[in-house]
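Below you'll find the structure, written out as structure tokens, and then a few comments.
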Amino acid sequence: SYRFLGNTKDGSVYMFKAMNNAYSLGDSAWYYQTMAEYAGMMYKSGRNDSSRYYFARSIPYLEQNGFYYALIPAYVTYSELLSEQKPVNVQLLHDCLFKALSIATEMGIKDNLQSLYRQLGVYYVLKNNPDSVFYYMELSSLVADSMSNASNMEILLETEAKFETEKKD
């Protein structure tokens with residue numbers, strides 16, 4: 001499927017094709033999830049108007065239908081876009097971030113936590129609340145460290161297992 005080529009150099013083209021394929025097949029769930037991913041790609045490539053348009057279309061569907069795993073990264077990336085707009089719509093930024101935090105907390109979803117905490121820190125910079133800025137930036141660092149430590153531990157265990165296997169042979 002085109003969707004899995006989304007991270008290639010021409011990823012946005014493939015993602016757009018995947019989105020259109022889902023639409024033509026009548027697969028609304030895939031269509032809107034892919035649309036949210038496409039919106040994120042538009043944002044990361046500096047096409048903020050397109051990004052805003054696709055987020056505005058995809059997020060309500062994902063909310064209404066409970067696609068939580070797709071919603072959290074959509075909220076986080078949309079919050080990055082919102083925090084760069086002038087003037088910043090602080091209420092919309094707040095709503096996106098705290099919906100994502102609520103979903104992540106209630107469902108135990110750990111993906112995107114580092115980015116979410118970092119964006120909450122940005123939100124509190126805008127609110128001029130240094131204590132909360134420090135708190136969320138510290139959480140972001142802790143999540144990054146724990147992810148790094150988990151990865152390092154996995155590598156260590158694999159290396160140890162490989163060593164023990166070679167030792168037996």
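Just so it is clear, the model here is predicted, and its values are computed rather than measured.
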Sub-4.5 Å side-chain heavy-atom contact between Y14 and M41: no
Y135: partners by ring-ring contact (aromatic ring centres under 6.0 Å, His included), with sequence neighbours left out: none
4.5 Å side-chain heavy-atom contact, E80 and R118: yes
N20 CG to Y31 OH distance, which is reported to the nearest 0.5 Å: 7.0 Å
Atom of Y124, atom of S132 and distance for their closest heavy-atom approach: CG-CB, 3.3 Å
Interatomic distance, L93 atom CG to F98 atom CZ [nearest 0.5 angstrom]: 9.0 Å
Closest non-hydrogen atom pair, V76 against S115: CG1-CB, 3.6 Å
Pairing residues for E63 by the side-chain contact (heavy atoms from CB on, under 4.5 Å) criterion, not counting sequence neighbours: I59, L71, Y75, K99
Rounded distance [0.5 Å steps], CG in L120 versus CG in L113: 10.0 Å
Donor-acceptor contact present, side-chain S51 to main-chain A39, <3.5 Å: yes
Heavy-atom side-chain proximity of Y117 to M137 below 4.5 angstrom: no
Minimum heavy-atom distance between Q85 and V88, given as atom pair plus value: O-CG2, 3.0 Å
Side chain proximity check, F16 to T34, heavy atoms < 4.5 angstrom: no
Student check: side-chain heavy atoms of I103 and I109 closer than 4.5 Å: yes
Between CG on residue L139 and CD on residue Q114, distance to nearest 0.5 Å: 11.0 Å
Cluster link Y69 to L101, ILVMFWY, side chain under 4.5 Å: yes
Non-hydrogen side-chain atoms of E106 and S102 separated by less than 4.5 Å: yes
A36 to F55 - nearest heavy-atom pair and separation: O-CE2, 3.8 Å
Euclidean distance, L82 CG relative to Q119 CD, rounded to 0.5 Å: 9.5 Å
Validation row: Y23, M19 side chains within 4.5 angstrom (heavy atoms): no
Side-chain donor/acceptor of T77 to backbone N/O of A74, under 3.5 Å: no
4.5 Å side-chain heavy-atom contact, R57 and Y53: yes
Smallest separation among heavy atoms of G121 and V133, with atom names: O-CG2, 3.6 Å
For D49, all residues meeting salt bridge (charged side-chain N to carboxylate O under 4.0 Å, His left out), sequence neighbours excluded: R52
Rounded distance (nearest 0.5 Å) linking atom OG of S28 with atom CZ of F67: 8.5 Å
Exercise: do E84 and Y43 side chains pair donor with acceptor under 3.5 Å: yes
Parallel, tilted or perpendicular, as decided by the 30° and 60° cut-offs, for the rings of Y32 and Y61: parallel
